[in-house]
Each structure stands twice: as structure tokens, then as C-alpha cells.
Amino acid sequence: MGRKGKKSKKQLEDELNKAADEQKRHEEKERLQKLEEETVKKQAARLAEELDSKKKVLEAERLEEEQSIVSRMKGERKQNLEYEQSKLQDRLNWQKFVSCTSRPNVAFESEITTYMTSVREERADKMEDALRKCHESEDIIGDLMELLCKAKEEGDVARQEWCMKYVQEIRKLEIDQIDEATGYLLQYIEKQDANTQSQVYLAWGQQNDDIKIGFWGHLQSKGFRAKLIEFPRVAIGMEMPKSIALQSMGHCIGVRALYTAYDSTDNKDTSQLSVGGMIRVDLLSIPPFSKKVKGWTIRQVPSPGQELLRLPYPNQEHATTSTAIAVQPCKIEYKVPSHVLVGKSPTISWWDQQEEKWSTEGITEISWESESRKISFWSARLAAFSITQPRYLDLPYKHWSMRAVAPLVVDLKIRAARFELHFVISEDGLRLKGPDEPELHSIMFATPEEANRPDAEGTGVAPQVGGGNSHRAPRVRSPGTLLKELRECGLNLMPEDGDAEYLDGYTPKAPETQARAYSDLSEIAAFYDIASSKHNKNLPRERALVRVRENPLYDEFDPLDPDCDVDYQAIMFFPDKSCFVKSMEQQSPCNESLGTGHLTHASLYLCYDKVPEPQPNHIEQLHRLEVTCTTARFVEAVRQTMQIMRLLSFV
């Protein structure tokens with residue numbers, strides 16, 4: 001007999017079956033509930049997708065309808081600009097005509113090629129003649145550079161490449177002319193005055209010339225010792241070690257130092273920027289001297305193309321163990337132009353023709369004297385040298401802002417990597433107002449000649465806004481020209497897409513997005529403060545974000561002040577549209593939602609036109625934003641400045 005209360009086997013089986021049935025019912029209920037939730041989600045997603053598709057269809061229809069309006073307005077803007085520019089161009093053409101210049105018109109390729117052919121056919125035996133031709137060529141290159149800057153402003157890449165092609169060819173022709181004159185000099189060098197040590201010292205040019213040359217020749221193949229060579233007239237100095245002679249056995253040697261304010265690398269090294277010009281130091285072989293035989297002068301004439309024999313240093317072909325050990329560095333010193341920004345620890349590089357890039361190998365003991373503006377260094381080889389710096393040295397922009405300070409005059413402030421820059425944009429072009437560095441004064445202020453002819457091409461007197469340096473006439477140039485001059489000073493604010501590869505986290509914005517943003521923002525710059533946004537960097541390349549604030553009274557506000565954040569309206573640009581969004585500078589991540597009641601539109605002007613709650617003076621505000629003949633040149637100057645600086649890609 002079992003214990004009292006003990007369940008039978010059947011009871012236990014019944015309880016287990018009951019629990020299993022209960023579990024099945026619970027699982028079935030959960031399955032049905034989950035299925036219902038998934039069905040609801042799918043339905044909601046389908047409805048959302050249908051609604052989104054409907055919105056996209058409506059948006060596409062709206063943008064297509066608005067595109068005709070935008071095309072008409074942009075067409076009128078283009079016509080107004082062309083009319084104003086034609087009047088300006090007629091005045092410039094007349095000034096060129098009355099100046100009676102004999103330079104070829106660089107707008108016509110045939111005149112350029114004719115000039116180059118005539119230069120090649122005219123032999124330059126004297127160095128003075130070669131330099132005269134070089135200066136004439138540089139005047140033509142100046143015209144080509146103006147054409148290049150104009151193409152840069154208009155975004156005409158093909159025209160830019162065309163200009164650079166002829167700039168490079170003409171400058172190569174300049175070097176060829178100097179080489180030809182040097183070859184003639186070496187051929188008849190015994191006619192030059194030599195000192196008691198049989199040494200010839202010659203120099204052409206002055207200290208501040210864009211092209212200057214120093215030559216030293218030793219008219220004996222033996223007896224060479226370490227030599228200090230100085231050319232005070234052109235501010236070039238060299239110290240040649242004794243190993244020069246050991247590397248050039250059997251040769252009478254000459255050393256030529258050729259300085260040009262430009263470099264001849266054709267920008268092949270896209271990571272480095274050459275500043276302050278280039279100095280080429282060549283070790284030359286002096287050909288055998290002429291001989292007098294029975295009243296005849298017998299001279300060995302070199303084969304065509306062999307008039308100038310360069311000797312490599314170090315000479316790897318004839319180097320032996322003893323001479324290789326004896327190779328010593330050479331010291332080179334030259335004066336850097338006064339307009340070039342040079343840091344406390346500059347970098348000197350030599351041009352590696354095989355690798356087609358700048359190299360610092362073998363460069364030591366670089367010394368920079370800021371007062372005399374002389375730079376010296378030791379090099380283990382003779383080559384072409386220059387001060388170099390990364391092209392992206394002044395990138396990225398930390399922030400920038402644009403503010404109207406007078407009718408059709410805006411201030412542009414940019415905090416770059418090294419300097420805080422201050423520009424003024426007007427209908428006449430772009431003016432640099434700061435930083436107040438001595439090297440930049442030639443760009444900031446007009447020379448007396450420029451101030452006396454304010455209608456000269458690309459030069460004028462800027463509107464006087466604010467104080468400081470009021471005794472000097474501010475210098476205003478076209479945006480492309482001024483920014484090119486800044487780059488020649490060592491301050492590169494003309495970035496390219498390739499520069500983003502060297503910057504962490506930066507991707508250039510899509511060209512269509514940039515073009516739309518710069519075009520639209522330039523139309524409101526006279527009445528709205530425009531500032532960069534920290535969220536712009538993290539957006540996809542098809543989107544760009546800025547902040548604007550209406551400022552009809554030209555008041556000054558700090559766009560970085562957190563208390564002013566609510567006063568700014570964020571605007572997002574796409575390749576084919578723009579819109580007001582809810583993004584706030586002090587809130588992360590970026591809120592890309594459309595502003596309450598706002599829609600996307602085909603232009604920023606239409607965004608203001610279609611605001612959900614128009615102000616009483618709405619019509620008047622829209623009328624101000626329309627581009628007329630009066631405002632066309634100013635609007636274009638703002639657009640060109642933003643486009644060349646790539647303000648939306650590198651901030």
C-alpha cells in the first residue's frame with residue numbers, strides 16, 4: 001500500500017500533457033502576436049514607402065517645374081554679368097591699344113606660336129640678349145597668367161591646361177636661351193678677363209631681379225682647391241669643395257648659378273609647393289681653348305646640342321672607392337624675395353628628375369637669416385634647389401564667415417591652419433586686409449604707379465571700410481589673380497581635390513553641389529551673414545551645410561558664440577536642390593530634417609520665396625536678392641572667391 005498523497009503515474013502524465021498543451025498555446029499566441037506585429041510593421045513600411053515615393057514624385061515634379069524659373073533667373077544673371085564685363089573689357093582693350101605694346105595677344109594661339117618660333121630662330125650669343133628675351137617672355141607669361149586666373153574663376157579646366165601648356169613651353173624656351181648664351185660664353189671664355197689664379201667671375205642681373213645669373217670659371221684643369229664663390233651683385237654665394245675637381249678629372253670647370261623667381265617642375269610633385277623661386281647650380285665643362293697656328297685661330301666647334309656639357313656631381317660613373325669617400329657637400333646661399341613667407345625652420349629640397357619629385361636627401365645645415373632674407377644650406381649634390389612646403393600646409397580651414405559691411409562690400413574671415421585671414425570682396429574684386437605680415441604688404445597695398453592708374457587691368461583702389469593703414473591705397477585684384485599671388489608668397493588658398501588625400505577625414509564635395517551652393521550663396525551675401533558649419537565635414541560628398549543670418553544693418557555678430565546659435569538658419573545644398581534644415585551648431589549629430597513647413601527647392605532664392613510664413617516685407621526682400629546689372633559683378637566676385645577657395649570642401 002502506497003504512501004498517502006503520492007500521485008499516480010497517470011496523474012503525472014496528465015499534468016505533463018497539460019503543461020505541454022499550455023506551452024503550445026502560449027507559443028502559438030506569441031507566434032500570432034509576432035506575426036501580427038510584423039504584418040503591421042510591413043504595412044507601415046509599405047505605407048511609409050508609398051508616402052516617401054509620393055513625396056519624391058511630388059518633389060521631382062516641383063523641382064522640374066521650378067527648374068525653368070531657375071534657368072531663366074540664372075540666364076538673366078549671366079546676361080547682366082556679360083554686359084557689365086563687356087563694358088569693362090572695352091575699356092581695358094582701349095588701354096592696351098593706346099599703350100602700343102608689341103607683345104603678342106595671348107588670346108590667339110597663332111600669335112604665341114609665332115613669337116616662340118621667332119625667339120628660337122634668333123640666336124642669343126650674349127647673356128645680356130638672352131636675359132632681355134627672358135624678360136620679354138615673362139611679360140607674355142604675365143598675360144597668360146591673367147588668362148589662366150580668369151579661366152580658374154570661370155571653372156574652365158581646358159582653358160587652364162591650355163594656358164599652363166604655353167607657360168611651361170615659353171619658360172623652357174627661356175632656359176634654352178640662357179643655356180645657348182652660356183655655351184657661347186664657354187666657347188670663347190678665353191676672351192673674358194681672368195684674375196691671377198686664372199679664374200673668371202661674371203654676374204648678370206641685380207639682387208631683386210626675377211632672373212639672375214652668376215658664373216665662375218677655372219681656366220686650368222689642375223690646381224683647384226676648395227673655393228668660396230660670391231656674387232654680391234646678384235646675392236648668390238657658393239662654397240665648392242676640392243672633391244669637385246676629383247670628380248671632374250681632366251676638365252676645366254665652370255659653375256653656373258641660375259636663379260628664377262619661378263620653378264620649372266610643371267607642378268609634377270602634387271604634394272609639395274615650391275616657394276621663393278628656384279636656383280639651379282650646374283657644374284660645366286669648359287671646352288678646349290682656341291690655338292694660334294701660323295696666323296690662324298683654330299677652335300674646336302662642338303656638335304649641335306653639345307655646346308653645353310654638364311658634369312654630374314657626384315659623378316657616379318667615374319667614382320672610385322677613394323674619390324667616393326672624398327666627395328664633400330657644397331654650400332649654396334641665395335636671397336629669397338621679400339614677398340615670400342618663410343618659417344623659422346624652412347625646408348630645402350632638390351628636384352629629382354628621375355623620380356619627378358622634390359627630395360631632401362643630402363640637404364643639411366639649413367640656415368635662414370630673416371633680416372637679410374638669405375638662406376644657405378649644404379648639399380651632397382648639385383641640382384635645382386628650392387624652398388618647399390606641403391601644398392596643404394594651410395589646410396584645412398577651421399572656420400570661416402562672411403559679413404556685409406557696406407552696400408556691395410563684404411568681409412570674409414578665414415581661420416586657416418597657420419593664419420587668420422581677412423579679405424574684402426567688392427564688385428572690383430578681392431582685397432587682402434590681413435594678416436598684417438610685412439611679406440604680404442605688396443599684395444595688400446597698391447604701389448604708387450597702381451594707385452595713380454586705378455582703371456588698369458586687375459588693379460584698383462578698394463573701398464575704404466574701417467581704419468588702419470589709411471595712408472596707403474588698398475590693392476584690389478580679381479579673385480583668381482590675388483589668390484595666385486598669395487600662393488606665390490607661400491600661402492596656398494587654392495586647394496585641389498588631391499589635397500584632401502593628405503587631410504584626415506576630408507572628402508571634397510561633389511562639383512555639382514559646390515557649384516549650386518556658391519552660385520546661390522553669392523546672391524544673398526550682400527544682406528545675409530554666411531558662416532561655415534562644423535557638421536559639414538561629416539556629411540556625404542553630395543551634401544553641403546552652411547548657416548546664414550539676415551543682417552540688413554551690417555551689425556557684427558560672432559558666428560562661434562553659442563548664444564547666437566539660434567539666430568542662424570542652417571541651409572543644406574544638394575546637386576539639384578537646396579532647403580532649410582533644423583541643424584544647430586551646438587547640437588550633435590546634425591539634424592537634417594526639413595524646417596517646419598519648408599520644402600526642397602531648385603534654388604535658394606525659391607526657398608526664400610516659398611517660406612510658409614512670409615514677412616510683411618516679403619516682396620521687398622525677394623527683390624533685393626534678384627541679380628541686376630548693378631549687382632552682377634559683386635555677386636560674381638563672391639562666387640569666384642568661394643569657388644577658388646573651395647570653402648565647402650575643406651572646412
Side-chain angles (χ1 to χ4, degrees), residues 123-127 130 172 175-195 197-204 213-231 236-259 264 279-292 297-320 322-324 326-332 350-351 353-354 362 379-385:
R123 183 177 177 84
D125 291 337
K126 293 184 177 180
M127 192 65 73
K172 182 180 183 301
I175 303 300
D176 290 343
Q177 292 287 310
I178 294 174
D179 285 348
E180 183 178 318
T182 304
Y184 184 85
L185 168 69
L186 296 178
Q187 192 72 22
Y188 297 89
I189 195 169
E190 70 271 13
K191 296 182 178 181
Q192 301 295 328
D193 294 333
N195 60 18
Q197 287 81 36
S198 299
Q199 297 174 0
V200 174
Y201 286 84
L202 297 170
W204 297 269
I213 305 169
F215 174 83
W216 170 87
H218 189 227
L219 305 187
Q220 295 180 357
S221 59
K222 297 180 180 180
F224 178 83
R225 297 292 184 267
K227 184 65 181 175
L228 178 62
I229 305 171
E230 292 186 345
F231 303 103
I236 294 176
M238 297 176 289
E239 189 172 330
M240 298 290 111
K242 183 178 180 180
S243 57
I244 287 279
L246 297 177
Q247 292 274 300
S248 309
M249 299 293 289
H251 290 272
C252 292
I253 59 174
V255 178
R256 184 189 68 178
L258 167 60
Y259 171 85
S264 304
I279 184 166
R280 306 161 181 82
V281 183
D282 295 309
L283 181 62
L284 307 175
S285 173
I286 298 176
F289 304 134
S290 62
K291 298 179 180 179
K292 296 281 187 179
T297 300
I298 301 176
R299 186 183 306 278
Q300 181 177 333
V301 179
S303 304
Q306 301 296 320
E307 296 87 353
L308 192 66
L309 178 60
R310 290 179 172 86
L311 302 175
Y313 182 79
N315 190 343
Q316 302 297 335
E317 294 182 0
H318 299 89
T320 63
S322 59
T323 59
V327 170
Q328 299 170 333
C330 309
K331 184 180 181 180
I332 300 167
W350 60 276
W351 180 248
Q353 293 186 350
Q354 293 184 344
S379 171
R381 59 179 48 78
L382 295 181
F385 304 93

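All values below come from the heavy atoms of this structure, side chains included, with hydrogens, waters and symmetry mates left out.
Residues passing the side chain to side chain contact (heavy atoms under 4.5 Å, CB included) test with Ala194, sequence neighbours excluded: Val200, Leu219. Residues passing the side chain to side chain contact (heavy atoms under 4.5 Å, CB included) test with Arg123 are Asp125, Glu180, Tyr184, sequence neighbours excluded. Trp351 meets the ring-ring contact (aromatic ring centres under 6.0 Å, His included) test with Trp358; sequence neighbours excluded. Qualifying side chain to side chain contact (heavy atoms under 4.5 Å, CB included) partners for Pro329, counting only residues two or more places apart in sequence or in other chains: Trp378. Evaluation of the side-chain hydrogen bond (donor to acceptor under 3.5 Å, both in side chains) rule for Gln353 yields no partner, not counting sequence neighbours. Under the side chain to side chain contact (heavy atoms under 4.5 Å, CB included) criterion, Asp193 pairs with no residue at all, not counting sequence neighbours. Residues forming a salt bridge (charged side-chain N to carboxylate O under 4.0 Å, His left out) with Lys126 (at least two apart in sequence, or on another chain): none. Looking at residues two or more places apart in sequence or on another chain, you find a salt bridge (charged side-chain N to carboxylate O under 4.0 Å, His left out) between Arg256 and Asp179, Asp282. Applying the side-chain hydrogen bond (donor to acceptor under 3.5 Å, both in side chains) criterion to Arg381, with sequence neighbours excluded, gives no partner residue. With sequence neighbours left out, Phe215 forms a ring-ring contact (aromatic ring centres under 6.0 Å, His included) with no residue at all. Glu190 is linked by a salt bridge (charged side-chain N to carboxylate O under 4.0 Å, His left out) to Arg299, counting only residues two or more places apart in sequence or in another chain.
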Going through the checks in order, is the side-chain contact (heavy atoms from CB on, under 4.5 Å) test met by Arg310 and Leu284?
CA-CA 5 Å; Arg310 290 179 172 86; Leu284 307 175; 3.8 Å; yes

For Leu185 and Gln192: C-alpha separation, side-chain torsions, deciding distance, then whether side-chain contact (heavy atoms from CB on, under 4.5 Å) applies.
CA-CA 9 Å; Leu185 168 69; Gln192 301 295 328; 3.7 Å; yes

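Here the NZ-CE distance, from Lys331 to Met238, works out to 12.5 Å after rounding to the nearest 0.5 Å. The distance from atom NZ of Lys227 to atom CH2 of Trp216, rounded to the nearest 0.5 Å, is 7.5 Å. If you take CG on Leu258 and CD1 on Ile178, they are separated by 4.5 Å, rounding to the nearest 0.5 Å. Distance CD1/Ile189 to CD1/Ile286: 4.0 Å, rounded to 0.5 Å.
Side-chain contact between Met127 and Leu202 is absent, with no heavy-atom pair separated by less than 4.5 Å. No side-chain heavy atom of Ile229 sits less than 4.5 Å from a side-chain heavy atom of Gln199. Put simply, the side chain of Tyr313 does not reach to within 4.5 Å of the side chain of Ser379, judged on heavy atoms. Contact of the Pro287 side chain with the Gln187 side chain is registered, since non-hydrogen atoms from C-beta on lie closer than 4.5 Å.
When all heavy atoms of Leu228 and Tyr201 are compared, the pair lying nearest together is O-OH, 4.1 Å. Closest of all the heavy-atom pairs between Ala181 and Ala130 is CB-CB, 3.9 Å. Across Cys252 and His218, no two heavy atoms sit closer than the pair CB-O, 3.6 Å. Taking all atoms of both residues into account, the shortest heavy-atom contact from Met240 to Cys330 is CE-CB, 3.8 Å. Here the closest non-hydrogen pair linking Gly214 and Phe231 is C-CZ, 3.7 Å.
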